[in-house]
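Numbered from 1 within each chain, the chains take letters A, B, ... in sequence-line order.
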Amino acid sequence: MNNMIDQVTVFLENKKGRLAALCRALGDAGVSMHAMTVADTTDYGIVRIISDSPDKARETLMEAGFRVTLTKVFAIAVPNRAGALADLLEALDRAEVNVEYAYCFAIEGDMAIDVLRIEGDCNIKETIEAAGFRLLEAHEIYA
Amino acid sequence: MSIDNSTGIMNDKCWEEKYYQPEIEKMGREEIDRLQLQRLKAVAEHCYRNIPFYRQAFDSVGFKPEMIESLHDLQKMPFTLKQDMRDAYPFKLFAVDVSNAARIHASSGTTGSATVVGYTTADLENWGDCFARAIALVGGDGSSIMQVAYGYGLFTGGLGAHEGGIRIGATIIPMSSGNTKRQVQMLKDMGSDILACTPSYAMLIADTAIEMGFDPANDFKVSAAILGAEPCSEGMRQEIERKLGVTVVDIYGLSEVMGPGVSCECRYQNGLHVAEDHFIIEIVDPDTLEPVADGEWGEVVFTTLTKECSPLIRYRTRDISRIILGECACGRTHRRMDRISGRSDDMLIVRGVNVFPSQIQQVIAGFSEVTSYYQIILTSKGPLDQVTLMVETVPEFSFDEVRRIEDLQRRIVAELKSNLQISVDVKIVEPKSIERSEGKAKRVIDLRKAGE
C-alpha cells in the first residue's frame, strides 16, 4: 500500500539476554535503528523497530533464529508542540479509523515522527492531509 | 503404482498391491489358525524345556505345554511382564546358549534396568521378512533405495529396517539418525525411494529440507516413509505426507517382542496388520487381564511363535489398542490392530485426570498457526498439578499485535479444556526453542517429583 513504511516486528521470549542478542545481531549487520519499542507480557515481548533497512534487518534476524515479520505502518510528521498529536488522533477518530498502537520518536528540529498501526490497513492519507499533517515517504525514514 | 507427489495421496485405481510373501500374507483364516496352533505348541514346549523362568511360571499355575489343544488354551498360560525381563538381566530369558545368538539388542533402560533380547540367525531372518513386507506394501522391491534414518545400535529401529532391506534385496543407505542436513542431501542426491525413521525425525528432515531451499514434495524422488517407534497423530502424518510428498505407513514393534515389523499399516492406513505367522496378538482388560471382545480397547499382549533365542509368552506391552474388525481391501488376511492410542505407562495423571500426550498432540495438530513441535511441562503449584504446553508458531503467523497471540493461546486452551477436561497453560515460544529430536522425541518433562 502507498505511503506505508515497513516496521520490523520480532517475537521475543522473556529470557535473559534476548533483547541484547537481537540488538547485537542488527549491529553486526550494520543495521541502524531509528526507533524501538517493546510491548511486554508475562511470557514474551513484541519488539517493534523502525530501521534504515527493514529488509536487511528481517533477513539478519531470521538467520539468527528470531521470529520476524514486517508490518506496514504509517509514519507521520507531527509538529513538536503541545496538543499536536491530539489533533491528529481526533481527526482519525472523526474518520472512524482505529489505531492499534502508536509510538513517537523525536528527531532534530521542531518535528516529531509518530508511527501508527491502523486496524484493517485502510488508507488514511487523505484524512491526514486534510487535517494538515504530512505522511512521510519510505525514503525519508530509511535513509 | 502411482503416487500423486503433490499431496502424497495415492491414486487407488492405478497402484498395484505388492506383497513380499503373498502365500503367507494372504493365507486363509483357517490355515493361519492351524499354523498358529502348531507353532504355539512348539514355542510353549521350547520355553518350558529351556527357560527355568517359564518352567516355574507354568508349574505354578499347573500348566503343561501338552495341554494345548486349541488357540483358546493360550489363556491358561501366565503373562510375562517387563519387570520379568529386567529381573532376567542379562540372559536368563534366553532359550539358547548366548553363543548361539547372532545379535543382541537392549532397551535403553532409562526407566529401570535394561531389557536384553537375543536373536539367532533364523530370528534375524524372520525379523527381516516382517520388515520386508512393509517395504513391499509401500511399493518397494529389490530395486528400491531405502534410506534408514533410525538410530543404529542397541535400539532395534536401525538394524531392524536394515534387515528388511537385506531380505528384499533393496539398496540400503545406512544413515542412522543425526546430521540432518547431510540426511537431506543424501535423500536428494541418492534418489532414495523410501525413508525409514521415527515420525518426529521425518518431520525434522522435511522441515530442514524446506529450510535448505528444497521442495522435497516435488524435487525429491522419495515416495514412501515407513515410520515407527513412537506415536504419530493423523495430523502429523498428513503434514509429513504433504511436506515430503510421500505415503506414510505406521510400523509397530517393540524390542522385547522383536523390533519394528510386528505389525504394519498397509496403504489403506486403517489399522496395522499383525504378522500373525510370527506373533499372536491378544487385547486384554489391563485391570482384570481378561481378553476383551474384538473391537474393544485394551492392553496389547503378544506371544512370539517362531523366536528361538528370546521367546515370550503373553508379554504385556502396556500399549493400548484394539482389533479392527473386518477384511482389509489390500488383500492381506492378517488381523489388524488400531494405531496405539497411548501407553498405559505414558499416561499422565494430572489433577486426577488421565491424559495421554498423544491426545494433546491431536489437539494442536488442529491449529495451523502452530508447528507440530510441542513439549509438555508438569510442575506442582502447592497441592495442584500445573500443566504448561509449549508451542511454536509457524513463520506465516502474524503476531504483530499482542491480541493475536493472546487469541491463539485462548483458543488452544479452550480446545484442550473441551477435549481433555484439564486446564493447560499455553506458552508460545520462539522458533526452535523446543528441542528437535533425531530419534524418539522427549515430549513430556515431569518436574513434579523433583518439587516434592
CD1 on B:I428 to OH on A:Y44, rounded to 0.5 Å: 7.0 Å
Report the C-alpha distance between A:K15 and B:E430 in whole Å, list the side-chain angles of each, state the deciding distance to 0.1 Å, and finish with yes or no for salt bridge (Lys or Arg N to Asp or Glu O under 4.0 Å). CA-CA 10 Å; A:K15 274 195 297 201; B:E430 282 185 44; 5.4 Å; no
Answer with side chain, backbone, both or neither: which region of [X] has an atom nearer than 4.5 Å to a non-hydrogen atom of chain A?
X: B:E396; answer: neither
X: B:E211; answer: neither
X: B:S398; answer: neither

For [X], does the [atom1] atom sit with more than 12 other heavy atoms under 6.0 Å from it, leaving out its own atoms?
X: A:M62; atom1: CE; result: no
X: A:R58; atom1: CZ; result: no
X: A:R24; atom1: CZ; result: no

Could you please spell out the steps behind the side chain to side chain contact (heavy atoms under 4.5 Å, CB included) verdict for A:D43 and B:V429? CA-CA 9 Å; A:D43 300 324; B:V429 296; over 6 Å; no
Best-contacting candidate, B:K432, B:R403, B:E406, against chain A by heavy atom pairs under 4.5 angstrom: B:R403
Is it the backbone or the side chain of A:F11 that comes under 4.5 Å from a heavy atom of chain B, or both, or neither? both
Relative to chain B, which segment of A:T41 carries a heavy atom at a distance below 4.5 Å: side chain, backbone, both, or neither? side chain
Heavy-atom pair of closest approach, residues [X] and [Y]:
X: B:P431; Y: A:G65; answer: CG-O, 3.5 Å
X: A:R48; Y: B:E401; answer: NH2-CA, 4.1 Å
X: B:F399; Y: A:T69; answer: CZ-CG2, 3.4 Å

Using a strict threshold of under 4.0 Å (side-chain N to carboxylate O), is an ion pair present between B:K427 and A:E13? no
Is any side-chain heavy atom of A:Y101 less than 4.5 Å from a side-chain heavy atom of B:D400? yes
